[in-house]
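Take a look at the structure below.
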Amino acid sequence: WIGLACLSAVFAGVTAVLAKIGLKNVDSSLATALRTIIVLIFSWIMVLFAGTQEQLKYIDSNTVLVLCFSGIATGLSWLCYFKALQLGDVNKVTPIDKSSTILTMLLAFIFFDDKITMLKIISMIIMSLGTYMMIEKKQVVNKVTNNHWLLFALASALFASLTAIIAKIAMLNIDSNLGTFIRTAVVLIMA
């Protein structure tokens, strides 16, 4: 799982840079919809590759409902993230979005009875300080800035955290590729 998490981080970093480039002449909601179509196609290819499409017949209504909630949280996160990227600097938006890790850890302590240790608390504090240091703006004389991107970046982090928690619940009963496909279909409908 560590290797997969590291690959996720690499692809998320590449996604942020490519998204910022792609958002120059496109509305952020349209960009989210286009991105979601690609993710939906690739997630279905993964379902077919893993051979888990037969599980669709056996998914219970609670799992579908939880996956839909996860898809809604994912969609809100992606819509907010792309809008924040369109309005703000990628070097400020991305650290805020990734601060969802801290909120996710806190929610995992509450909902999954994950253990709280002093090391985890210290690590979350350091991550929070690191995020703040990355977004700290320099003093610029006579420059008016619009900080609407900050609200979208914070919302993106909140919804990304909820996505992780809700997806964890849903993935207990379903193959992760199939779950990703269903969540992505919900995101596409939203976008």
Side-chain angles (χ1 to χ4, degrees), residues 5-39 68-112 114 116 120-168 180 183-184 186-191:
C6 290
L7 283 173
S8 175
V10 167
F11 292 130
V14 171
T15 297
V17 172
L18 292 176
K20 182 64 177 178
I21 294 167
L23 285 168
K24 286 186 179 180
N25 299 315
V26 177
D27 174 71
S28 62
S29 296
L30 177 60
T32 302
L34 293 172
R35 173 189 183 212
T36 304
I37 290 169
I38 301 301
V39 173
C68 287
F69 285 138
S70 178
I72 290 168
T74 301
L76 290 170
S77 176
W78 290 2
L79 288 166
C80 291
Y81 182 63
F82 269 54
K83 188 65 173 180
L85 279 176
Q86 190 171 49
L87 297 173
D89 297 334
V90 70
N91 292 327
K92 292 182 180 180
V93 171
T94 302
I96 292 171
D97 176 67
K98 299 308 172 198
S99 70
S100 64
T101 303
I102 300 162
L103 180 56
T104 302
M105 290 175 71
L106 292 172
L107 292 174
F109 295 141
I110 295 167
F111 292 109
F112 299 122
D114 283 4
I116 298 176
K120 287 182 182 179
I121 292 170
I122 292 169
S123 298
M124 286 189 290
I125 292 169
I126 291 170
M127 290 169 69
S128 299
L129 291 172
T131 300
Y132 176 76
M133 288 170 37
M134 285 188 275
I135 64 168
E136 178 67 14
K137 63 181 179 179
K138 299 174 186 171
Q139 295 295 331
V140 179
V141 180
N142 295 330
K143 184 177 179 185
V144 178
T145 59
N146 180 342
N147 287 331
H148 288 112
W149 66 268
L150 181 59
L151 296 174
F152 286 104
L154 289 169
S156 175
L158 171 67
F159 292 122
S161 177
L162 291 174
T163 294
I165 294 298
I166 297 169
K168 174 69 175 174
T180 299
R183 287 177 37 223
T184 305
V186 172
V187 174
L188 183 58
I189 292 167
M190 290 177 62

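FYI, the numbering just counts along the sequence from 1. This structure is a prediction, so every number in the text was calculated from the model and none was measured.
Pairing each heavy atom of Val187 with each of Gly75, the nearest pair is CG2-N, 3.6 Å. Nearest approach of Cys68 to Val186, heavy atoms of both residues: O-CG1, 3.8 Å. Residues Leu107 and Ser161 come closest through the heavy atom pair CD1-OG, 3.4 Å. Of all non-hydrogen atoms in Thr163 and Ala73, the two that sit nearest each other are OG1-C, 3.1 Å. For Ala19 against Leu85, the heavy-atom pair with the smallest separation is CB-CD1, 3.7 Å. Residues Ile72 and Met190 share a closest heavy-atom pair of CA-SD, 3.5 Å.
With hydrogens and angles ignored, the 3.5 Å screen pairs a side-chain donor or acceptor of Gln86 with a backbone N or O of Val26. When atom types are taken as modelled, the side chain of Thr74 and the backbone of Ser70 share a donor-acceptor pair closer than 3.5 angstrom. In terms of modelled atom types and a separation under 3.5 Å, the side chain of Thr36 and the main chain of Thr32 share a donor-acceptor contact. Ser100 places no side-chain N or O within donor-acceptor distance of the main-chain N or O of Leu158, the cut-off being under 3.5 Å.
Contact of the Ile165 side chain with the Phe112 side chain is registered, since non-hydrogen atoms from C-beta on lie closer than 4.5 Å. Asn91 places none of its side-chain heavy atoms less than 4.5 Å from the side chain of Met134. Side-chain contact between Ser28 and Leu79: absent, with no pair of heavy atoms (C-beta onward) separated by less than 4.5 Å. Looking at heavy atoms from C-beta onward, Leu154 lies out of side-chain contact with Cys80 at the 4.5 angstrom threshold.
Atom CZ of Arg35 is separated from atom CH2 of Trp78 by 5.0 Å, given to the nearest 0.5 angstrom. Between the CE atom in Met127 and the CD1 atom in Ile102 there is a gap of 5.0 Å [rounded to 0.5 Å]. A distance of 5.0 Å separates CE of Met105 from CE of Met124, quoted to the nearest 0.5 Å. Note: Phe82 CZ to Leu30 CG = 10.5 Å, rounded to the nearest 0.5 Å. Atoms OG and CG, on Ser156 and Leu151 in that order, are 12.5 Å from each other to the nearest 0.5 Å. Expressed to the nearest 0.5 Å, how far CD1 of Ile166 lies from CZ of Phe111 amounts to 9.0 Å.
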Stepwise side chain to side chain contact (heavy atoms under 4.5 Å, CB included) check, Phe109 with Ile121: CA-CA 11 Å; Phe109 295 141; Ile121 292 170; 5.8 Å; no
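Summarising the local packing, NZ of Lys120 is surrounded by more than 12 heavy atoms from other residues, nucleotides or ligands at distances under 6.0 Å.
With sequence neighbours excluded, no residue forms a side chain to side chain contact (heavy atoms under 4.5 Å, CB included) with Ile189.
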